[in-house]
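Notes for the one structure printed next.
The chains referred to below are lettered A, B, ... by the order of the sequence lines, with proteins before strands, and numbering in each begins at 1.
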Amino acid sequence: MPKTPQAIRGTQDIFGADAEAFAFVVETFERVRKLYRFRRVEMPVFEKTEVFSRAIGETTDVVSKEMYSFDDRGGESLTLRPEFTAGIARAFLSNGWQQHAPLKVATHGPLFRYERPQKGRYRQFHQIDAEIIGAAEPQADVELLAMADQLLTELGIEGVTLHLNTLGDGDSREAWRAALVEHFRSVKDELSEDSQERLEKNPLRILDSKDRRDKRFVADAPKIDQFLSDDARAFFDAVTSGLDAAGVKWTRAESLVRGLDYYRHTAFEFIPDEGSDAAGKLGSQSTILGGGRYDGLMESLGGAPTPAVGWAAGIERLAMLVGELEEERLEAMVLVENDAGMAAAIELLSDLRAGGVTADIMASGSPKKRYDKAVKQKPQHILRVDERGYHGISGEGDTSRIVAAINRHSVSP
RNA sequence: GCGAUCGUAGCUCAGUUGGUUAGAGCGCCGGUUUGUGGUACCGGAGGUCGCGGGUUCGAACCCCGUCGAUCGCCCCA
């Protein structure tokens, strides 16, 4: 016997209740995005490597050590997408989607990152994603966040709060960054090893360090608010007042930053409240939905300056929070009591399904045990068939749908 | 990439200081019983103990490596 190959590390085979929860997340997302008139797009799973390296930033962890990149047979470097936004931006530019701006699009599918797998973190994982491209107004941020909020509500997820921050415009962000570097450099030796490294690479990240040594200095670090231009401040105010008007609850998170280079202005994450049920289910993965405004991204891909805002959420993480979902209830089980009734049973089954009844057939194994096996599938009704044909139904509740499906056939020629 | 814990039947797990032929429950298959909404009893199949080395008279158990999972760090969704 040849040996069965192992699945790739960090991939999952999803089945049963988990698969139902996964599908529920996707179906709910599809329904909600239509309410907000986000148009469906399908994107390639791989792109030229530069799409991601230029858009996301060479120095980010995602690009520098987490991408699945390879040379194709033509010698071109390609990469399995580690996120949606860069690919959508590329498509926007290469297809001339500017003509549709402001463009609201939504998609979902698999993404790939070479990371150490953990609970709620996989090498092939899945996200739902929503973007508004070509909209500079704070109203776009509000709409995008309102949709995210409604999605979580309709998924039945509770104990999750929108953490909101602004990174300011490009100038604000740079001034703040410089001030942070200065602030932390003065105490560099007392910071954690990780943060000493972050000081050079990504000083904003020091702000949400969990290390006790860093937290002392984070408290009195310069705040973005001190560096916001009047425009940036007005923008953020418009976003927050819009959220209030839309009834979206939020909390200001001054130290919330995003890991990717392209973010400007609004940055946000939906995070489980401390000690909540949701926090417990997610382990150390806290963010279930995150995003922000990325006004600078199109230029990094050689396009005209184009304001845009978007978010993505991990389907697996959301699925962990929606809890156990039953598979669709079996309405009618056709029980073939002996093989002489097989033809009649197949005909009956076909009528039921054509009539919209969820139906299955039990016709294998010992005739004497078929009834027990049928019962174990927990059908609402069992229809018994033998050599005489269909001869009886048992079960509780309304049988009208089943009767209608059967009769429909007998009255039509 | 770093640290910790773990890997025994399809699933959940026992397995004594290293000692005969590795067990249980559930599930699966069959028989008897029951005879129409989860009956009871009996029997059966199913495991190179993740994989590869090593120590030993002897390894599921000890050591090393490797693959995988889980938890934390990092990062992120």
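- In this structure, A:Glu190 does not pair ionically with A:Lys188, as no charged nitrogen and carboxylate oxygen lie closer than 4.0 Å.
- Distance A:Trp311 CH2 to B:C76 C1': 16 Å, rounded to the nearest Å.
- A stacked arrangement is assigned to A:Phe125 and the six-membered base ring of B:A77, with a centre-to-centre distance below 5.5 Å and an interplanar angle below 30°.
- Taking a cutoff of 4.0 Å between a charged side-chain nitrogen and a carboxylate oxygen, A:Glu316 and A:Arg121 do not qualify as a salt bridge.
- If you check every strand for non-hydrogen atoms under 4.0 Å, A:Gly392 touches nothing.
- Across the protein-nucleic acid pair, A:Lys378 atom NZ and B:G38 atom P stand 12 Å apart, rounded to whole Å.
- Between A:Arg213 and A:Asp189, no side-chain nitrogen of the basic residue sits less than 4.0 Å from a carboxylate oxygen of the acidic one, so the salt-bridge criterion is not met.
- Checking B:A77, B:G1, B:C73 against every side-chain atom of A:Gln118, the shortest atom distance belongs to B:C73.
- Rounded to a whole angstrom, the distance from the C1' atom of B:G47 to that of B:U21 is 14 Å.
- Toward the 5' end of RNA chain B, the nearer of the two residues A:Ile288 and A:Gln377, judged by each one's closest nucleotide, is A:Gln377.
- Side-chain atoms of A:Arg317 lie closest to B:A77 of the nucleotides B:C75, B:A77, B:G38.
- B:C61 is unpaired under the Watson-Crick or G-U wobble criterion, no partner having all donor-acceptor distances under 3.5 Å.
- Between B:C61 and B:G54, the distance separating the two C1' atoms is 15 Å to the nearest Å.
- For the C1' atom pair drawn from B:G72 and B:G65, the interatomic distance equals 24 Å after rounding to whole Å.
- Side-chain proximity of A:Asp372 to B:C76, B:U39, B:C75: nearest is B:U39.
- In this structure B:G30 sits in a base pair with B:C42, meeting the Watson-Crick or G-U test at under 3.5 Å.
- Pair assignment for B:U48 gives none, since no Watson-Crick or G-U wobble pairing has each distance under 3.5 Å.
- Spacing of P atoms, B:C41 relative to B:G25, comes out at 11 Å, to the nearest Å.
- Distance from the side chain of A:Arg113 is smallest for B:C76 among the nucleotides B:U36, B:C75, B:C76.
- A distance of about 49 Å separates the P atoms of B:G1 and B:G44, rounded to the whole Å.
- Taking side-chain N and O atoms only, A:Arg198 has a distance below 4.0 Å to OP1 or OP2 of B:C75.
- For RNA chain B, the neighbouring residues in residues 205-213 of chain A, judged by any heavy atom under 4.0 Å, are A:Arg205, A:Lys210.
- Counting non-hydrogen atoms under 4.0 angstrom, A:Phe270 reaches nothing in the nucleic acid.
- The number of heavy-atom neighbours closer than 6.0 Å to CD of A:Glu30, taken from other residues, nucleotides and ligands shown, is above 12.
- Using P as the reference atom, B:C2 and B:C74 are 16 Å apart when rounded to the nearest Å.
- Checked against side chain to side chain contact (heavy atoms under 4.5 Å, CB included), A:Arg205 has the following partners two or more places apart in sequence or in another chain: A:Arg198, A:Asn202, A:Asp208, A:Val257.
- Taking atom CZ on A:Arg9 and atom P on B:G50, their separation rounds to 18 Å, with Å as the unit.
- In this structure the side chain of A:Phe24 reaches within 4.5 angstrom of the side chain of A:Leu155, judged on heavy atoms.
- Atom CZ in A:Arg116 sits roughly 11 Å away from atom C1' in B:C74 (whole-Å rounding).
- Where A:Glu316 and A:Lys373 each meet RNA chain B at their nearest nucleotide, the meeting point lying more 5' is that of A:Lys373.
- Counting to the nearest Å, the P atom of B:G35 and the OH atom of A:Tyr371 are 13 Å from each other.
- Rounded to an integer number of Å, the gap from NZ of A:Lys65 to P of B:C76 is 10 Å.
- A 3.5 Å limit on both hydrogen-bonding distances identifies no Watson-Crick or G-U partner for B:U56.
- Summarising the base pairing, B:G35 is matched to no nucleotide, lacking a Watson-Crick or G-U wobble pair whose two defining distances lie under 3.5 Å.
- Under the Watson-Crick and G-U wobble criteria, each requiring two contacts below 3.5 Å, nucleotide B:U12 is paired to B:A24.
- By the 4.0 Å N-to-carboxylate-O rule, A:Arg401 lies close enough to A:Glu331 to be salt-bridged with it.
- Every residue meeting the side chain to side chain contact (heavy atoms under 4.5 Å, CB included) condition with A:Ile14, not counting sequence neighbours, appears here in chain and number order: A:Gln12, A:Asp18, A:Ala19, A:Phe22.
- Across all strands shown, B:C71 forms a Watson-Crick or G-U wobble pair, both distances under 3.5 Å, with B:G3.
- If you take atom C1' in B:C63 and the same atom in B:C71, they sit 25 Å apart, rounded to whole Å.
- Taking a cutoff of 4.0 Å between a charged side-chain nitrogen and a carboxylate oxygen, A:Asp225 and A:Lys223 do not qualify as a salt bridge.
- Salt bridge status for A:Glu47 with A:Arg81: absent, with no side-chain N to carboxylate O gap under 4.0 Å.
- In terms of phosphate contacts, A:Lys376 brings no side-chain nitrogen or oxygen within less than 4.0 Å of OP1 or OP2 of B:G37.
- If you take CZ of A:Arg123 and P of B:C75, they are 18 Å apart, rounded to a whole angstrom.
- Within 4.0 Å of A:Gln12, counting heavy atoms only, lies no atom of the nucleic acid at all.
- When the P atom is used for both B:G38 and B:G27, the distance is 15 Å, rounded to whole Å.
- Residue-level contact check: A:His381 touches the bases, meaning some heavy atom is under 4.0 Å from a base atom.
- Remark: P of B:A77 and CD of A:Glu269 are 7 Å apart, rounded to the nearest angstrom.
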